[in-house]
Amino acid sequence: MDYLDEKSMDINYASTYGDTYKLMKQAGKSISDFVEHTIPPGKSIAIICGTGNNAGDGICSGEYLLKKYNVSVLLIKDVKGLKTQETRRAINDYNGAYYPLSSLDELISRSDIIIDAIFGVGINGDPRKPYIEIIEKINNSGKTIISVDVPSGFQTNIQVKPDYTVTFTDIKTGMNRENSGKITVSDIGIPEQIKSAVGPGDMVYMPISAPESHKGMNGTVGILAGWEFPGAAVMSSLSAYNVGPDLVKVFTNEVNRSIIMPYNPGLMFYPVNGKNFPALSGLNSMLIGPGMGKSKEAEDLIKYAVKNYNGQLILDADAFKLITPSEVKDRNAIITPHSMEFTAFTGLEPTEENAVETAKKYGLIILLKGSKDIITDGVNIRYSYGGNSRMTMGGTGDVLAGIVAGIASRKVSPLRSASLGSFINKKCGDIAFEKFGSYYGIMDMIDNIKIIMHNKF
Ligand SMILES: NC(=O)C1=CN([C@@H]2O[C@H](COP(=O)(O)OP(=O)(O)OC[C@H]3O[C@@H](n4cnc5c(N)ncnc54)[C@H](OP(=O)(O)O)[C@@H]3O)[C@@H](O)[C@H]2O)[C@@H](O)CC1
Ligand SMILES: [K+]
């Protein structure tokens, strides 16, 4: 797993259970258990703490270790610098001595063991002052160093170089013996249903546009839709637009121009027909299918686009009747069928097992829509709960496909794009339901995308 996976799980856990203090206690306990197995009792331990939850894990370990060791907690930014409610609770529940940064040299020299609880997965960029100097002092101490979760500063230009790392839930991408010492993976009790469920934590996968970026750097989406039902092109392109890519290019019949463009002048309209299809290079993702119908012209256009676009494909709706799985084999395409479309596309019953097998066999990412969406790449399976009875109305699939295409254009991996897209889509419905009950419309859902992207939920 990588840092984002851990952050995402943390948020999804907190959204279900209120906070992560129980996990923090368990993280502290697993550090303490590790120390007891490795270090004889009676030794002196300095726990060097930053300001986030990694510090909280360190403080919790201190409370357990007090019974058998000489424990000193050092708070680099004092109690008032502690940033999270869980970490403040940890220091409140801790019954040992704690010290300010001015005691660092003395604590290091009188300790046998240093527990490194400065930064975990919440680090952002290279450590700033005074952390650089603190990390150097720890590395030059000659003491046994145990890092909590990850060596502080891991994957930046300066990091703690530990003898041991106790990492939580799963090893983090890039960790090895050389940069992390001997690694122990500890299960801190995140329930399986939290690990597999899509939730608000999946929003961490959404990139934030850099202030210095220029047009096109934050995603360009192509949408081939609406040949027969222009409304589907409206819904999918507005939905893609609302997740924040720079450009949304709509490829459809010229006669749709006056229908689609009044909805949003920010869309780019490209008329297509059997003889004319603008270049598809430069698109970061392409959604193919909504509202295309099953005419020969629609089929030709869909087949042309599938064959000639070699970036991130998203297939929906009529594409399932006009394209076979073999035509998109091993292209990491995201497909978003409901159960009947899944059967039309694969010839199989719409079960979880068949979705996993199909994803594996054809190298696809499948988002099988239902009251519980199933998202799989053939190896991983995620579930998306939520949504409500009004979401059986026409258009919700077009909204979902557009959202997924928009996210994928921001270079989010296909599995994460499909998972996050499913979360956002259901949340759009649920927010609309709170306001209008069963009487909300599709445009209410589309309007809610911006609220969710802005994390107002
Ligand atoms: N997964 C799980 O389920 C669980 C995870 N848990 C634990 O939580 C850890 C993640 O905690 P976290 O998110 O609070 O962040 P963390 O790593 O402590 O650091 C953030 C602090 O550092 C600071 N800071 C950041 N960058 C900086 C820089 N360059 N230079 C200087 N300062 C910098 C930043 O301050 P700011 O920049 O915001 O002022 C902020 O205060 C995770 O690794 C695991 O140990 C467990 O508790 C339980 C369950
Ligand atoms: K650490």
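No hydrogens, no waters, no symmetry mates; every other heavy atom, side chains included, goes into these values. Start at 1 and go down the list; that is how both ligands and their atoms are numbered. Since the structure is predicted, the reported quantities are computational estimates derived from the model, not experimental observations.
Expressed to the nearest 10°, the angle at the K ion (ligand 2) joining OD1 in Asn54 with O in Asp116 is 90°. Considering the K ion (ligand 2) as centre, the angle to O of Phe119 and to O of Val148 is 110° (10° rounding).
Side-chain contact annotation: Gln159 with Asn179, donor-acceptor N/O pair under 3.5 Å absent. Defined by atom type and a distance below 3.5 Å, a donor-acceptor pair is present between the side-chain atoms of Thr351 and Asn354. Checking Asp126 against Asn157 by side-chain atom types alone, a donor-acceptor pair falls below 3.5 Å. Looking only at atom types and distance, the side chain of Ser384 has no donor-acceptor partner in the side chain of Asp373 under 3.5 Å away. Defined by atom type and a distance below 3.5 Å, a donor-acceptor pair is present between the side-chain atoms of Tyr205 and Asp5.
At most 12 heavy atoms of other shown residues, nucleotides or ligands fall within 6.0 angstrom of atom NZ in Lys161. Heavy-atom contacts from other residues, nucleotides or ligands closer than 6.0 Å to CD of Glu349 number 12 or fewer.
Some N or O of Gly120 is nearer than 3.5 Å to an N or O of ligand 1, by distance alone. The shortest N or O to N or O distance between Thr84 and ligand 1 is not below 3.5 Å. Considering backbone and side-chain N/O of Ala27, none are found under 3.5 Å from N/O of ligand 1.
Distances from ligand 1 to the non-hydrogen atoms of Gly50 include no value under 4.0 Å. Distances from ligand 1 to the non-hydrogen atoms of Gly56 include no value under 4.0 Å. Under a 4.0 Å heavy-atom criterion, Met9 is not in contact with ligand 1. Residue contact check for ligand 1: Tyr131 places a non-hydrogen atom closer than 4.0 Å to it.
Looking only at protein heavy atoms, the nearest one to atom 43 (O) of ligand 1 is Asp149 OD2, 2.6 Å. Atom 24 (N) of ligand 1 has its closest protein heavy atom at Phe119 CE2, 3.7 Å. What sits closest to atom 7 (C) of ligand 1 on the protein, heavy atoms only, is Asp57 OD2, 3.1 Å. With hydrogens left out, the protein atom closest to atom 30 (N) of ligand 1 is Arg128 N, 3.1 Å, a heavy atom. Among all non-hydrogen protein atoms, the one lying nearest atom 38 (O) of ligand 1 is Lys83 NZ, 3.6 Å. Of the protein's non-hydrogen atoms, the one nearest atom 12 (P) of ligand 1 is Asn53 N, 3.8 Å. For atom 18 (O) of ligand 1, the nearest protein heavy atom (residue, atom name, distance) is Asn54 N, 3.0 Å. Protein heavy atom nearest atom 1 (N) of ligand 1, with residue, atom name and distance: Glu6 CG, 2.8 Å.
Under a cutoff of 6.0 Å and an axis angle of 45°, Lys372 and Tyr383 form a cation-pi pair.
Ion pair Asp202/Arg382 flagged as a salt bridge, since at least one NZ, NE, NH1 or NH2 atom sits closer than 4.0 Å to an Asp/Glu carboxylate oxygen. Electrostatic pairing of Glu106 and Arg110 counts as a salt bridge here, judged by a charged N lying under 4.0 Å from a carboxylate O.
A donor-acceptor distance shorter than 3.5 angstrom exists from the side chain of Ser236 to the backbone of Ala232, with no hydrogens or angles considered. Side-chain atoms of Tyr64 never come within 3.5 Å of backbone atoms of Lys67 as a donor-acceptor pair (strictly under, hydrogens ignored).
Within the coordination shell of the K ion (ligand 2), defined by N, O or S atoms under 3.4 Å, Val150 is present.
Remark: among candidates Ile31, Thr51, Thr156, the nearest residue to atom 40 (C) of ligand 1 is Thr51, based on non-hydrogen atoms. With distances taken over non-hydrogen atoms, the option nearest atom 13 (O) of ligand 1 out of Ser147, Gly125, Gly122, Cys60 is Gly122.
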